[in-house]
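Just so we're on the same page: letters track the sequence lines, and every chain starts at 1.
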Number of protein chains: 2
Amino acid sequence: MAQRNLLQFIILGLLHQTPMTGYELTKAFDSDIGEFWSAQHSQIYPQLQKLETAGALTHTEEVTGEKLARKRYAITDDGLDTLNTWLAAPTAASTNGKDEFALKLYFIPDASDSRLKPMLEAQQVEHTTKRTHLEHQLATKFPDGAPTTGLGHYLILQHAVLREHEYCDWLASALKHCH
Amino acid sequence: MAQRNLLQFIILGLLHQTPMTGYELTKAFDSDIGEFWSAQHSQIYPQLQKLETAGALTHTEEVTGEKLARKRYAITDDGLDTLNTWLAAPTAASTNGKDEFALKLYFIPDASDSRLKPMLEAQQVEHTTKRTHLEHQLATKFPDGAPTTGLGHYLILQHAVLREHEYCDWLASALKHCH
DNA sequence: CTCCTATATGTCATTAATGACATGTTTTAA
DNA sequence: TTAAAACATGTCATTAATGACATATAGGAG
């Protein structure tokens, strides 16, 4: 296996919240959950077909305007079982943390290397932008702090903010070490 | 492309530090750089062959004991060019952050869900263990703080520690929100 | 009325990565 | 001395994921 096919569970989880089309699912990965998983429509549409064949989903056709039919998928009882089994299973601490920039730093051997400072500064711009954006999202979507319903949404957004916070702090401290 | 084949650059980077065998490269992913990239020997050996065919590496045979011959790979000037080009290229803020636990939380909709607390506590054990281990590594490998040579090594270890620190803080704050 | 953007759904070739299979040597500890 | 663990190198089938190709409708702006 190349991965453990978590995509199926994410789709089930999203459809459990509310029935959606493939297009809407694709867009979901552009928002908050995109911070922790990504998927393109070319992967989502085939996966929807597989899940439906397996009996985890059903779809109904909706017609917008004159002709355009879209498929709105809903989770079945079987699908809900699959989702709950996944949620109940123990989760290992994520080991997938792939970070290209960290690797590059690893290969800059010396503190006096002239490439070090500009690299760190460029990365600082990237992550500061991302951090600001995420903080704005959090403040906009949850102006009153943690909600009772939708707590998971709040928590992962907060996680993303804290993650970027850590990254910015780390870059700042790294810059101090570089001559 | 499924990915951007960063493995080739990581191999070049490691071999630039010192010539190594495929076995030694494999072990390198079990230590610190494993926090930011992973690879199995089944991927490394073919990649070494490809890089050698492309002229980025050469190898010499060493005989240990009676029979066993191992191949020690070294980077060529061409390989060094490839490595330096990669290091000089701009790096986007990592978007690969795949976190299964964060996704599970996202699908627990309500703060009163009975699954929430045990999930968070189990994950807390995982990440506290990992954090302690990494902190011990940092203290052992760099008892005198940041070095001048091997700064990159120090920085990524520190990055891993801070990352786990953030994770533990986040889990603790999440537990406060859960009834 | 026309163009652009967003909506909407699919396929396909290619590649990165995994886990299993396969084989043999060397060292170390019981 | 013998068995286990570590060293050492490879192949292969399968799968997850990407990016490109393909096609068509709907709605809004100028």
### Task
Is it possible for you to say whether A:L171 and A:V125 belong to one hydrophobic cluster, with membership spreading through side-chain heavy-atom contacts below 4.5 Å?
no

### Task
May I ask you to say what B:T21 touches in the nucleic acid, namely base, sugar-phosphate or nothing, with a heavy-atom cut-off under 4.0 Å?
sugar-phosphate

#### Entry: Listed nucleotide nearest any side-chain atom of A:S42, set C:dA16, D:dG19, D:dA16
D:dG19

### Summary
Of C:dT11, D:dG10, C:dG10, the nucleotide closest to the side chain of A:H41 is C:dG10

#### Entry: Given D:dC7, C:dT11, C:dA17, the nucleotide with the shortest approach to the side chain of B:Q3
C:dA17

### Linked, directly or transitively: A:Y106 and A:Y167 (ILVMFWY side chains, under 4.5 Å)
yes

## Note on the structure
Judged by nearest nucleotide, the residue sitting upstream toward the 5' end of DNA chain D, B:Q43 or B:E24, is B:E24

Give me, pair by pair, the N or O atoms of the protein and of nucleotides 2-5 of chain C that are less than 3.5 Å apart, along with how far apart they are.
none

### Query
Roughly, in whole Å, what's the span from CD1 in B:I44 to C1' in D:dC7?
15 Å

#### Entry: Over 12 foreign heavy atoms within 6.0 Å of NZ, B:K141
yes

### Query
So B:S112 and B:D110, side chain to side chain donor-acceptor pair (under 3.5 Å) or not? Walk me through it.
CA-CA 5 Å; B:S112 63; B:D110 205 277; 2.7 Å; yes

### Query
What integer distance in Å separates B:F9:CZ from C:dA16:P?
10 Å

Identify each atom pair where a protein N or O and an N or O of nucleotides 25-27 of chain D are less than 3.5 Å apart, giving names and distance.
unit_1 : atom_1 : unit_2 : atom_2 : d
D:dT25 : OP1    : A:K67  : NZ     : 3.2
D:dT25 : O3'    : A:L68  : N      : 3.3
D:dA26 : OP1    : A:T64  : O      : 3.1
D:dA26 : OP1    : A:E66  : N      : 2.6
D:dA26 : OP1    : A:K67  : N      : 2.6
D:dA26 : OP1    : A:L68  : N      : 3.2

#### Entry: Counterpart residues, side-chain contact (heavy atoms from CB on, under 4.5 Å), relative to A:E166 (two or more places apart)
A:W170, B:H159, B:L162, B:R163, B:E166

### Message
List the residues meeting side-chain hydrogen bond (donor to acceptor under 3.5 Å, both in side chains) with A:H16, not counting sequence neighbours, and say none if there are none.
### Response
none

#### Entry: Minimum-distance pair of heavy atoms, taken over all atoms of B:K98 and A:S38
NZ-O, 4.1 Å

#### Entry: Closest to side chain of B:Q40, choosing from C:dG10, D:dC7, C:dT18
C:dT18

### OP1 or OP2 of D:dA8 under 4.0 Å from side-chain N/O of B:K27
no

### Between P of C:dA16 and CD of B:Q47, the distance in whole Å
8 Å

### Task
State whether A:K71 places a side-chain N or O below 4.0 Å from either non-bridging phosphate oxygen (OP1 or OP2) of C:dG10.
yes

### Message
Measuring from the side chain of A:Y23 (C-beta onward, heavy atoms only), which nucleotide among C:dA6, D:dA8, D:dG19 has the closest atom?
### Response
C:dA6

### Query
Given atom OH of A:Y45 and atom P of D:dA22, what is their separation to the nearest angstrom?
19 Å

### Message
Applying ring-ring contact (aromatic ring centres under 6.0 Å, His included), can you list everything that pairs with B:W37, at least two apart in sequence or on another chain?
### Response
none

### Query
How many Å lie between CG on A:L6 and P on D:dA16, as a whole number?
10 Å

### Query
What is the distance from CG of B:L48 to C1' of D:dT9, rounded to the nearest Å?
10 Å

### Query
Is any side-chain N or O of A:S38 closer than 4.0 Å to OP1 or OP2 of D:dT18?
yes

### Task
Could you list the residues that satisfy ring-ring contact (aromatic ring centres under 6.0 Å, His included) with B:F142, not counting sequence neighbours?
B:H153, B:Y154

### Query
Between D:dA16 atom P and A:N5 atom CG, what is the distance in whole Å?
5 Å

### Message
For a quick test of reading the model, state the closest non-hydrogen atom pair linking B:L105 to B:L120 and the distance between them.
### Response
CD1-CD2, 4.1 Å

### Task
May I have the distance from B:K50 (atom NZ) to C:dT14 (atom P), rounded to whole angstrom?
14 Å

